[in-house]
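Data first, discussion second: the structure below is written as structure tokens.
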Amino acid sequence: MCGRYVSPDQAAIESIWHVGRQNQPSLADDLMPPAPFPARYNVAPQQGNPANYIPVVREASRGEPGERELVRLQWWLLPFWAKESRIKFSTFNARVENVANAASFREPLKRRRCIVPALGWYEWQELPTGNLPWFLHAATGELLAFAALWDHWERDGQVIESCSLIVGPANDAFMPIHDRMPFALDEERQAQWLDRSLTDPRRVMALLQPNPDDAIAFHRVGPRVSNARNQGPELMAPLQE
DNA sequence: CCAGACGTTGTT
DNA sequence: GTCTGG
DNA sequence: CCAGACGTTGTT
DNA sequence: GTCTGG
């Protein structure tokens with residue numbers, strides 16, 4: 001599962017994905033704050049608070065095919081068919097085992113895929129004595145590109161765009177600690193993942209391969225990350241013994 | 001036909 | 001136990 | 001994801 | 001919007 005992560009600042013995202021330098025206006029302009037946003041070290045899923053929307057890269061709605069845009073979306077996918085702007089069921093993660101059939105995810109899987117940039121993410125190891133937080137990140141130190149889905153909801157003039165991270169079984173290296181994790185896409189798969197002309201669910205699903213054991217490094221972190229009110233780069237720092 | 005779910009993790 | 005807020 | 005609330009009347 | 005259960 002992936003319910004807490006570290007989001008890079010805007011400059012880091014723009015330098016990797018070459019977004020945000022477009023001259024022509026696009027939908028992204030309505031989904032971005034006026035000032036560049038900072039890194040956030042303890043991002044949690046939430047419905048209904050635009051201040052906590054997360055940066056997402058997707059294929060631009062206008063412009064050349066393959067052009068990308070950076071937008072901020074709610075991390076809790078609100079299906080286009082939902083009657084209300086808040087839903088009772090959980091959609092901040094989509095299980096890879098169900099994503100092609102699930103009512104909330106099957107259309108986004110075909111036509112509305114996106115990437116969530118991350119410096120890393122947190123998982124909790126369940127022990128009889130309590131839950132211990134771990135931080136996972138690219139072994140190279142580069143940004144991760146989580147495979148994600150987005151949707152567009154509109155009722156009575158209100159528009160909400162939202163997203164969900166796809167999760168699958170943990171790789172062998174992390175399985176002893178926690179049994180689920182998100183999918184980090186390499187550069188080649190990112191391009192295919194964002195390509196809206198690719199709509200065959202089987203071909204899309206083939207892009208979701210387990211993270212190689214040597215691609216993801218991890219370490220224990222302190223307990224302060226468990227409270228989502230706590231912020232700061234120290235939350236992802238290795239725990240001192 | 002209509003009503004109700006639509007999701008995840010981790011459970012007695 | 002279950003829902004909401006962060 | 002985890003932490004924290006879970007309620008009412010009547011109010012500075 | 002679409003599927004399942006009754």
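Computation of the quantities below employed the complete heavy-atom set of this structure, encompassing side-chain atoms and omitting hydrogens, waters and symmetry-equivalent molecules. We name chains A, B, ... by the order of the sequence lines, and we start the count at 1 in each one.
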Flag, side chain of Arg113(A) to backbone of Leu198(A), donor-acceptor distance under 3.5 Å | yes
Side chains of Trp193(A) and Ile115(A): closer than 4.5 Å at any heavy-atom pair?
-> yes
Do the side chain of His178(A) and the main chain of Trp124(A) share a donor and acceptor less than 3.5 angstrom apart?
-> yes
Side-chain contact test, heavy atoms from C-beta onward, threshold under 4.5 Å: evaluate it for Pro169(A) versus Glu97(A) and give yes or no.
-> yes
Pick from Trp121(A), Trp75(A), Phe92(A), Phe135(A): which one makes a ring-ring contact (aromatic ring centres under 6.0 Å, His included) with Tyr5(A)?
-> Trp75(A)
Who are the side-chain contact (heavy atoms from CB on, under 4.5 Å) partners of Ser85(A), not counting sequence neighbours?
-> Trp153(A), Gln158(A), Ile160(A)
Let me know which of Glu126(A), Glu123(A), Gln125(A) forms a side chain to side chain contact (heavy atoms under 4.5 Å, CB included) with Asn131(A).
-> Glu126(A)
Has Glu154(A) got more than 12 heavy atoms of other residues, nucleotides or ligands less than 6.0 Å from its CD?
-> yes
List the steps, then state whether side chain to side chain contact (heavy atoms under 4.5 Å, CB included) holds for Thr91(A) with Phe105(A).
-> CA-CA 9 Å; Thr91(A) 57; Phe105(A) 303 133; 4.1 Å; yes
Donor-acceptor contact below 3.5 Å, side chain Arg196(A) vs main chain Arg58(A) = no
Which value, in whole Å, describes the distance between the P atoms of nucleotides dT9(D) and dC1(B)?
-> 46 Å
How far, in whole Å, is dG5(C) from dG4(B) if one measures between their P atoms?
-> 25 Å
Verify side chain to side chain contact (heavy atoms under 4.5 Å, CB included) between Leu239(A) and His219(A), making sure each step is shown before the conclusion.
-> CA-CA 8 Å; Leu239(A) 192 66; His219(A) 58 252; over 6 Å; no
Backbone N/O of Met1(A) and side chain of Asn93(A): donor-acceptor pair under 3.5 Å = no
Mind checking which nucleotides bracket the chain A contacts on DNA chain B, 5' to 3', with an atom under 4.0 Å from a heavy atom?
-> dC6(B) to dT11(B)
Check Arg111(A), Lys110(A), Arg112(A), Arg106(A) against Asp151(A) for a salt bridge (charged side-chain N to carboxylate O under 4.0 Å, His left out) and give me the one that passes.
-> Arg112(A)
Interatomic distance at C1', dC2(B) relative to dG10(D), whole Å | 45 Å
Remember a base hit wins even if backbone is also touched, and classify Arg224(A) as base, sugar-phosphate or nothing at under 4.0 Å, heavy atoms.
-> nothing
Contact boundaries of DNA chain E with chain A (under 4.0 Å, heavy atoms), 5' to 3'?
-> dG1(E) to dC3(E)
Members of residues 110-138 of chain A that approach DNA chain B, where some heavy atom sits under 4.0 Å away | Glu126(A)
Which is true for Arg40(A) with a 4.0 Å heavy-atom rule: it touches a base, it touches only sugar-phosphate, or it touches nothing?
-> nothing
Polar side-chain atom of Gln47(A) near backbone of Ile87(A) as donor-acceptor pair, under 3.5 Å | yes
In residues 87-103 of chain A, which ones come under 4.0 Å of DNA chain B, going by heavy atoms?
-> Lys88(A), Phe89(A), Ser90(A), Asn93(A), Ala94(A), Arg95(A), Asn98(A), Ala102(A), Ala103(A)
Flag the pair Gln74(A) / Cys163(A) as yes when at least one side-chain heavy-atom distance between them is below 4.5 Å, and no otherwise.
-> no
Is Pro45(A) touching bases, backbone alone, or none of the nucleic acid, heavy atoms closer than 4.0 Å?
-> base
Quote, to the nearest angstrom, the C1' distance that separates dC6(B) from dT8(D).
-> 36 Å
Each stem that DNA chain E is part of, given as range with range (3 or more consecutive Watson-Crick or G-U pairs, under 3.5 Å) | B:1-6 with E:1-6
Rounding to the closest angstrom, what is the interatomic distance between dG7(B) and dT2(C) at atom C1'?
-> 15 Å
Any side-chain heavy atom of Ile216(A) sitting closer than 4.5 Å to one from Phe174(A)?
-> no
